[in-house]
Amino acid sequence: MNFECLKNEFLNREFSELNDRQREAVFSVSGNLLILAGAGSGKTTVIINRIYFMLKYGDLSSVKCSDELLRMLVRGFEDKKSLSDFSEALNFDPILPEDVLAITFTNKAAKEIRERLEAKLGEKADRIWASTFHSMCAKILRIHAESLGYSPRFAIYDSDDTKRLIKECIKSLNIEEKILPVKSCMSHISSAKDSLLDSFGFKMKYENDFKMSRISQVYDMYEDKKKKSDAMDFDDLVMNTVKLFKKHPKIRRQYMERFKYVMVDEYQDTSESQHELIKMLTGKNGNLCVVGDDDQSIYKFRGADVDNILSFDKYFKDVKVIRLEQNYRSSGNILSAANAVISNNSSRKSKFLWTSSGDGCKIRVHVSYSEHDEAEIISKEILEGVKNGKKYSDFAVLYRSGIQSAVIEKLLTRNGIPFRVIGNVRFFERKEIKDILSYLSVINNPNDEIRLRRIINRPNRTIGDRTLSSIAEVAQKNNRSFFEVISNCSKYRELQRASYKITSFSSLMNVLIEANKDGMALHDLYDLVLEKIGYIDFIKSSEDDPNPRIENINELRNYILVFESQRGDGASLAEFLEEVSLVSDSASSEDEQDFVSLMTIHASKGLEFPVVFLPGFEEGIFPSQQCIYEPDSIEEERRLAYVALTRAKEKIFILHSTSRMTYGTTSHNKPSRFISEIPSNLLEITKSKDWKKLAASDRIPPSNKQVRVKSVVLARSFGSITRKPSFPVKTNVLFRRPGIEKEQDQIV
DNA sequence: CCCTGGCCGCTTTTT
DNA sequence: GCGGCCAGGG
């Protein structure tokens, strides 16, 4: 018996709940490691255990052991002791929590990691940096803001702010919006930033391209205005951190030395800029562990580059690759189907999911005659399942595109099935919430022009476009900020006429700014803002049904209270805004927990359900029309299909319809190619009866009794319920909307 | 400055 | 088929 073997015996016993591959990943501490984690292969468990292992043992490969000690260990092993009981004798060198950086994409994932680490490690876990790319960058940039010419209080613009600002730039450059739509301009600028192309580089690159050089003008102006507003957009957070590290090698070294062990989750979703950031943090010889699945790369459209994971071993030295292929989620037939579909992709690392559990049931493919019929079949199957002891929450309906949900919502409602649409409008993006947050942002950073413009006439103060542009003009001419101009507007002749209105607004704001400076508690400031601006009355007078909005406003107050109780006394406005700007996470419901989940396939990544319905498996829907003639895009769609299939634990229903109404016109789509890529022996095909041949009585959609179903629009924070509140946005809409009856007539 | 009617356009989404 | 957005009239 040598030490190496004995050590493994100890560790295998301690980590016996893991499989061999998982253990290998957990024990590989030093050097660069790529973990290719298939769907449902216990990825997060590996991440948690690996950090746990590092903090407990460090890198055991360098530990030496004398003969005498070895005999002691053998005895210890027989006495069921753990290797850590010999820590002093073996003199191993644990890694400190502050040496570890764990990066994820979403707050939800970061939170899960933090919670699971806390459960396993106790308070030590707090010292580990576990955060998203963006919050990590924001944290670093706040510290070094001045080196890049920002103040530490810089604002963070979300896509709505960004859009408004870009729109303004397009306007003031006198570019026809028809030639250059804001959306396309925004996405060009965003993807430039994803690949670290700043406005200067952009200008150089596209000198000879007419359209792109117009965009370059916008890019220039956008950057300029944003800088003057002391603000960064989401893409800036990453790009500016890279810039900071390039410009100040000392600062870079400081972080490289600090984060001795770096882990990145969902590496297939990284963009070029994020990849570069990781390179700068770890260097060529760092200890970098990335986890991901190239087959689940579905975010190319927002800058993700699969190549970062596919060519990981080219970018980093001496990479050890570990594949996690044992699946703990789905039955055999589901995995066979998923494997078969994904094997049609050419650019991928080979991987083959397997399970030790049985084949399970076949994959049911159902051919319906319309999208109504399709939704009806789903409803029937759910009711049938519930009759046989399943819960509503065992079911999920996953679709390619959000527009598919409407019909399904309708028929589920009609059948009295409780459901929720996950990921529609997010809490912090609601108009009333953005309005109030904009007030708070301006109080924190009066230079934030875009948000100042948003609120200056909300509630109405009859300060219109005219006045706004003359303020902007004056600001430009006198080289003053927008806020400075409105605070002293009586001094400017051009603003004389509107002076009274503007001054009453600016003095209001100045009162609020002072209140904040005096250290007023956050929730008191919030109340003061609402009261001073008369926002509730404004909502009451301008909305047909003000209640949902008022509920949201109250909910924001709750959120502040929770924030204050977490942070203790010193909870500052700046900290609050930081959290809010990076957290899209939102409401969860207090009451009913048993509901069917409806969401896009994208939103379902990482989740699992016993029974999964996949409506709209048709050419033109999925794969979507735009992708059909592009091989690369088809591969991305196929990965999406792979994600969809691997969500299911027990049963999959794939549905396609011989006719479907989209955008007001009826189309007849062929079944999706992804269906034919599944071996037919795994399929069980059923068909709706031809509706024309049905007796008239059978054609009436079943129950039209008015069932009260609450459909709450949830953000993606599903499962992690931290606050009680809910936002019943869509309660009963379906029955109040006229036209349903009409709709039924059409079917009959 | 606000309201309303007509017109366009329309995957996927986190931060 | 529907909603968001812009232009034009009140």
Rounded to the Å, how far apart are A:N107 CG and B:dT15 C1'?
7 Å
If you check the A:R302 side chain, which of B:dT14, C:dG1, B:dT11 turns out closest?
B:dT14
Side-chain N or O of A:S401 versus OP1/OP2 of B:dT12: is the shortest distance under 4.0 Å?
yes
For the P atoms, the ones on C:dG3 and on B:dT14, what distance do you get once it is rounded to whole angstrom?
22 Å
Please measure how far the C1' atom in B:dT11 lies from the corresponding atom in C:dC6, and state the result in whole Å.
25 Å
Side chains of residues 616-626 of chain A: which donor-acceptor partners sit under 3.5 Å, not counting sequence neighbours?
unit_1, atom_1, unit_2, atom_2, d
A:E618, OE1, A:R660, NE, 3.0
A:E618, OE1, A:N669, ND2, 2.9
A:E618, OE2, A:S657, N, 2.8
A:E618, OE2, A:R660, NE, 3.3
A:E618, OE2, A:R660, NH2, 2.5
A:E619, OE1, A:R673, NE, 3.3
A:E619, OE1, A:R673, NH2, 2.6
A:E619, OE2, A:R673, N, 2.7
A:E619, OE2, A:R673, NE, 3.0
A:S624, OG, A:Q626, OE1, 3.4

Counting side-chain heavy atoms from CB outward, which of B:dT11, B:dT13, B:dT15 is closest to A:S624?
B:dT11
Any idea how A:Y255 and A:F245 line up, ring-wise: parallel (<30°), tilted (30 to 60°), or perpendicular (>60°)?
tilted
The nucleotide from B:dT13, B:dT11, B:dT15 with an atom nearest the side chain of A:T600 is B:dT13
For a quick check of understanding: with a heavy-atom distance under 4.0 Å over all strands, which category does A:F105 fall into, base, sugar-phosphate or nothing?
sugar-phosphate
Residue A:N457, side-chain atoms from C-beta onward, closest of B:dC2, B:dT12, B:dC10
B:dC2
DNA chain B contacts made by residues 164-173 of chain A, counting heavy atoms under 4.0 Å
none
Return the 5'-most residue of the pair A:S159, A:G402 with respect to DNA chain B, ranking by each residue's nearest nucleotide.
A:G402
With a 4.5 Å cut-off on side-chain heavy atoms, are A:S504 and A:L508 touching?
no
What's the closest nucleotide to the side chain of A:K163 if the choices are C:dC5, B:dT15, B:dT13?
C:dC5
A:K243 and A:N240, any side-chain heavy atoms less than 4.5 Å apart
yes
Using a 4.0 Å heavy-atom cut-off, does A:E637 contact any base of the nucleic acid, only the sugar-phosphate backbone, or nothing at all?
base
Looking only at B:dT13, B:dT11, B:dT15, the nucleotide nearest the A:Y299 side chain is B:dT13
B:dT11, syn or anti by chi within 90 degrees of zero
syn
From C-beta outward on A:M661, which listed nucleotide comes closest to its side chain: B:dT13, B:dT15, C:dG1?
C:dG1
Relative to the ring of A:Y299, is the ring of A:F301 parallel (under 30°), tilted (30 to 60°) or perpendicular (over 60°)?
tilted
Got A:L196 and A:V242 here, is their nearest side-chain heavy-atom distance under 4.5 Å?
yes
Counting only distance, no hydrogens or angles, is the base of B:dT15 paired donor-acceptor with the side chain of A:S581 under 3.5 Å?
no
Side chain of A:F234 (C-beta onward), nearest among B:dT12, B:dT11, B:dT15
B:dT15
A:L398 side chain reached by A:F613 side chain, heavy atoms, under 4.5 Å:
no
Rounded to the nearest angstrom, tell me the gap between atom CD1 in A:I403 and atom C1' in B:dT11.
8 Å
What do you reckon, are the aromatic ring centroids of A:Y535 and A:F538 less than 6.0 Å apart?
yes
